[in-house]
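Everything on this sheet refers to the single structure shown next.
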Amino acid sequence: IPGYGDSPPVEVVVTAQGRSTFLDHVLQELGMQRPVLVSPSMSGRFALPFLLAHGDRLAGFVPIAPVGTKDYTAEQYRGVQTPTLILYGDRDTRLAPQALQNLQHLPEHRVAVLPGAGHACYLDKPEDFHRALLGFLHQLK
């Protein structure tokens, strides 16, 4: 993610609109048509503004305890019609409950909780994670 970890700071990603535009550019450069956007943790700062501005261009959205969910209102979430799988580990007691509280306002959502998994539930329980993700993807077809 630009501007996080050891990556150099990038001016364009300072604002939510800039991050949405950046992600839009990445998807265009990759030639992606109606992708499913998987958004763990810090990537929420990019995925959420994109979802709210361009959710109709996504086939699906899979937030995994993303940051930034409290930056938007229930009304904003209710305006998104993108099929969503809210996915998290039950041992993520800090970020996951906050994300769920906000993201549950997305009208086309379902929830998958991975027992015994923490914040990086896809690392803690990869088989369960992939089973939930593949089930969601098959349901989109």
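We use all heavy atoms of the structure for the numbers below, so side chains are in, but hydrogens, waters and symmetry mates are not.
When every heavy atom of V67 is checked against every heavy atom of L48, the shortest pair comes out as O-CD1, 3.5 Å. Between S20 and F50 the shortest heavy-atom distance is OG-CA, 3.4 Å. Closest approach of A112 and A132 over heavy atoms only: CB-CB, 4.1 Å. Of all heavy-atom pairs between R131 and D128, the closest is NH1-OD1, 2.9 Å. In this structure, P63 and L85 approach most closely via the heavy-atom pair CD-O, 3.1 Å. Smallest separation of non-hydrogen atoms from I86 and L100: CG2-CD1, 4.1 Å.
Put simply, the side chain of H130 never gets that close to the backbone of E127: no donor and acceptor are under 3.5 Å apart. Remark: side-chain polar atoms of S39 are not paired, donor with acceptor, to backbone N or O of A47 under 3.5 angstrom. No donor-acceptor pair closer than 3.5 Å links the side chain of Y88 to the backbone N or O of A117. Listed for the R19 side chain is a donor-acceptor partner under 3.5 Å among the backbone atoms of R45. The main-chain N or O of Q17 is found under 3.5 Å from a side-chain atom of T21 such that the two form a donor-acceptor pair. Remark: the backbone N or O of G116 is paired with a side-chain donor or acceptor of D90 at under 3.5 angstrom.
The CG atom of L37 sits 7.0 Å away from the OG atom of S43 when rounded to the nearest 0.5 Å.
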Would you give me the side-chain donor-acceptor pairs under 3.5 Å for residues 91-99, sequence neighbours excluded?
unit_1: D92; atom_1: OD1; unit_2: L95; atom_2: N; d: 3.3
unit_1: D92; atom_1: OD2; unit_2: H119; atom_2: ND1; d: 2.7

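Each side-chain hydrogen bond (donor to acceptor under 3.5 Å, both in side chains) pair with one or both residues in residues 25-36, not counting sequence neighbours, appears once here: D24-Q28.
Between F129 and I64 there is a side-chain heavy-atom pair separated by less than 4.5 Å. Looking only at side-chain heavy atoms (C-beta outward), L58 and V36 stay at 4.5 Å or farther from each other. When side chains are defined from C-beta on, P66 counts as touching L103, because their heavy atoms get closer than 4.5 Å.
Not counting sequence neighbours, T84 has no partner by the side-chain hydrogen bond (donor to acceptor under 3.5 Å, both in side chains) test.
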Q: Check the pair D124, L114 against side-chain contact (heavy atoms from CB on, under 4.5 Å), reporting the backbone distance first and the verdict last.
A: CA-CA 9 Å; D124 294 342; L114 302 185; over 6 Å; no

Q: Would you sort out whether F61 and H109 count as a side-chain contact (heavy atoms from CB on, under 4.5 Å), showing the intermediate values?
A: CA-CA 9 Å; F61 179 55; H109 83 274; over 6 Å; no

Q | Derivation of the side-chain contact (heavy atoms from CB on, under 4.5 Å) call for K70 and Q101 | A | CA-CA 9 Å; K70 66 183 183 304; Q101 180 181 350; over 6 Å; no

Q | Step-by-step side-chain contact (heavy atoms from CB on, under 4.5 Å) determination, L106 to L51 | A | CA-CA 11 Å; L106 291 165; L51 175 72; 4.2 Å; yes

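Between Y77 and H105, the angle of the ring planes stays under 30°, which puts this pair in the parallel group of the 30/60° scheme.
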